[in-house]
Amino acid sequence: MVYSVRMRASQGGPHETGGRHISGAERIVERHRLSEVAAAMVERALSHSRGTADFVNVAIEAIDTAAVKHVPLLPARTVPAAGVKACRAAAVIELINAGVDAAAVNKAFRRLLSLPDSMRGAMLLSAVTGDRLDATGERGVRVSRMDIADAVSYDTVLANRGLEGAHAREAMVLASKVLSAPGMVAELCWSDDPEYTAGYVAAGGQYIRFPHLKPYGSPIGGRVFFVRPGSSIKELQAYLERQPVLVTLAEADHALYQ
Ligand code: AMP
């Protein structure tokens, strides 16, 4: 048995009654780590750079180990473009190269850039038309129940790739689960942490990082998942929200630390 630990925090009451999203976190851990991991999430919720939460929800749920799916960690590379404009242009190219229609890419950027504030989850858009496919409105689809399988080796891998810090640590796990979902073509993301300007495209089996997808100081981040037309949105959403996934290091990563 393992345990899914999920946290969501907001300001001005719970998300359901209009509270502003502050932060969230997802882990899958063994029984003996539950208290420590839950306590760390509470601390994080109360000291986020987006503001102080006045509502924090931590949910713990037992999961049968046999129900956990294992997916490989995406290999990462950084596109060293300078400035937001150049990084966005480079991200557009990566998305188009991965098979997302230019019209859909443009709509995705427009949608993300016109958000009045960060959503809690992601928008599912058609990879061809850019039309919104999910019905979750301002909430978005929240990817949940995922973690890295071997946290100690993972931290070493990240340090070696120059990707230290919670943002990349969590984003690469999330992106690895997202790209393993049925019908998924690509993901585009930038953070809602005002101090963190980097963002990424996950596509074509890769995690492609850009140092500046938004200006420093902006508290508005977001995620778009580009979906192949004809995919079952119900199935896809169920996978993203409910399928427990542990992300495993590639053989090559492991070999480095033996
Ligand atoms: P973050 O990378 O945590 O700063 O999040 C950036 C944006 O991605 C947030 O504002 C949300 O819109 C979205 N997001 C964060 N966590 C998730 C998640 N678990 N599933 C889907 N979207 C998320």
Side-chain angles (χ1 to χ4, degrees), residues 4-11 15 19-28 41 44-45 47-51 53 57-59 61 71 74 76 91 108-109 111-125 132-148 158 163 165-181 184 186-202 207-227 233 236-245 247:
S4 152
V5 190
R6 296 178 287 142
M7 181 276 284
R8 62 185 169 97
S10 54
Q11 194 177 54
H15 297 90
R20 175 173 180 260
H21 179 64
I22 295 291
S23 79
E26 306 283 336
R27 299 294 306 272
I28 295 178
M41 282 185 181
R44 169 174 163 164
S47 55
H48 199 276
S49 56
R50 280 173 56 74
N57 179 311
V58 178
E61 180 187 57
V71 312
L74 297 174
F109 271 90
R111 282 178 189 275
L112 286 176
L113 293 171
S114 61
L115 285 175
D117 199 358
S118 294
M119 296 165 65
R120 199 168 115 209
M123 294 180 254
L124 300 189
L125 302 188
R132 182 97 184 249
L133 299 177
D134 65 285
T136 60
E138 287 171 14
R139 174 186 181 274
V141 175
R142 192 148 173 100
V143 188
S144 194
R145 297 172 174 84
M146 71 276 180
D147 205 341
I148 190 79
L158 289 176
L163 295 172
H167 289 287
R169 188 184 193 287
E170 292 174 4
M172 287 178 60
V173 169
L174 186 147
S176 299
K177 175 172 179 182
V178 167
L179 275 205
S180 75
M184 192 62 71
E187 175 186 358
L188 168 66
C189 164
W190 57 82
S191 175
D192 55 27
D193 181 340
E195 293 164 10
Y196 193 76
T197 64
Y200 66 87
V201 165
Y207 178 94
I208 310 160
R209 188 171 172 275
F210 307 88
H212 310 287
L213 278 189
K214 70 160 198 199
Y216 186 86
S218 164
I220 305 181
R223 277 186 158 89
V224 164
F225 301 155
F226 296 96
V227 178
I233 298 304
L236 176 57
Q237 204 170 325
Y239 181 88
L240 294 171
E241 292 177 342
R242 303 209 63 86
Q243 171 64 52
V245 165
V247 176

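Because the structure is a prediction, the values reported are computed rather than measured. Both ligands and their constituent atoms are indexed starting at 1 by order of listing.
- Nearest protein heavy-atom neighbour of atom 10 (O) of ligand 1: D192 OD2, 2.7 Å.
- Among A122, G121, A25, the residue whose heavy atom lies closest to atom 13 (C) of ligand 1 is G121.
- Of the protein's non-hydrogen atoms, R223 NH1, 3.3 Å is the one closest to atom 5 (O) of ligand 1.
- Listed by number with element, the atoms of ligand 1 under 4.0 angstrom from any heavy atom of V141 are 20 (N), 21 (C), 22 (N).
- Annotation: M119 places an N or O atom under 3.5 Å from an N or O atom of ligand 1; distance criterion only.
- Taking the side chain as every heavy atom from C-beta outward, R6 and M41 never approach each other to under 4.5 Å.
- Proximity of a side-chain donor or acceptor of S118 to a complementary backbone N or O of G221 within less than 3.5 Å is detected.
- Only backbone heavy atoms of R120 (N, CA, C or O) come within less than 4.0 Å of ligand 1; its side chain stays farther off.
- Between D117 and R20, at least one side-chain N (NZ, or NE/NH1/NH2) sits under 4.0 Å from a carboxylate O, which counts as a salt bridge.
- From the protein, the heavy atom lying nearest to atom 19 (N) of ligand 1 is V143 O, 2.9 Å.
- Tested against R145, the residues E26, E241, E61 include a single salt bridge (Lys or Arg N to Asp or Glu O under 4.0 Å) partner, E61.
- For the side chain to side chain contact (heavy atoms under 4.5 Å, CB included) test with R223, the passing option among L174, D192, L124 is L174; the others fail.
- Residue contacts with ligand 1 include G222, since one of its heavy atoms falls under 4.0 Å from the ligand.
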Discussion item. One pair to check against side chain to side chain donor-acceptor pair (under 3.5 Å): R8 and H15. What are the steps and the verdict?
Written reply: CA-CA 9 Å; R8 62 185 169 97; H15 297 90; 3.0 Å; yes

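- R242 has its side chain out of reach of S144: every pair of non-hydrogen atoms, C-beta onward, lies at least 4.5 Å apart.
- Using a 4.0 Å cut-off to heavy atoms of W190, the atoms of ligand 1 that qualify are 6 (C).
- L133 has its side chain out of reach of L125: every pair of non-hydrogen atoms, C-beta onward, lies at least 4.5 Å apart.
- Counting only heavy atoms of the protein, atom 16 (N) of ligand 1 lies nearest to R142 NH1, 3.2 Å.
- Which parts of ligand 1 touch S118 is read off a 4.0 Å heavy-atom cut-off, strictly below it: atoms 10 (O).
- A cation-pi arrangement is absent between K214 and Y196, since the terminal nitrogen or guanidinium carbon is not both under 6.0 Å from the aromatic centre and inside a 45° cone about the axis.
- Taking only nitrogen or oxygen atoms, main chain and side chain alike, S191 reaches within less than 3.5 Å of ligand 1.
- Every N/O-N/O distance between H21 and ligand 1 stays at or above 3.5 Å.
- With I220, L112, L174, D193 as candidates, the residue nearest to atom 18 (C) of ligand 1 on a non-hydrogen basis is L174.
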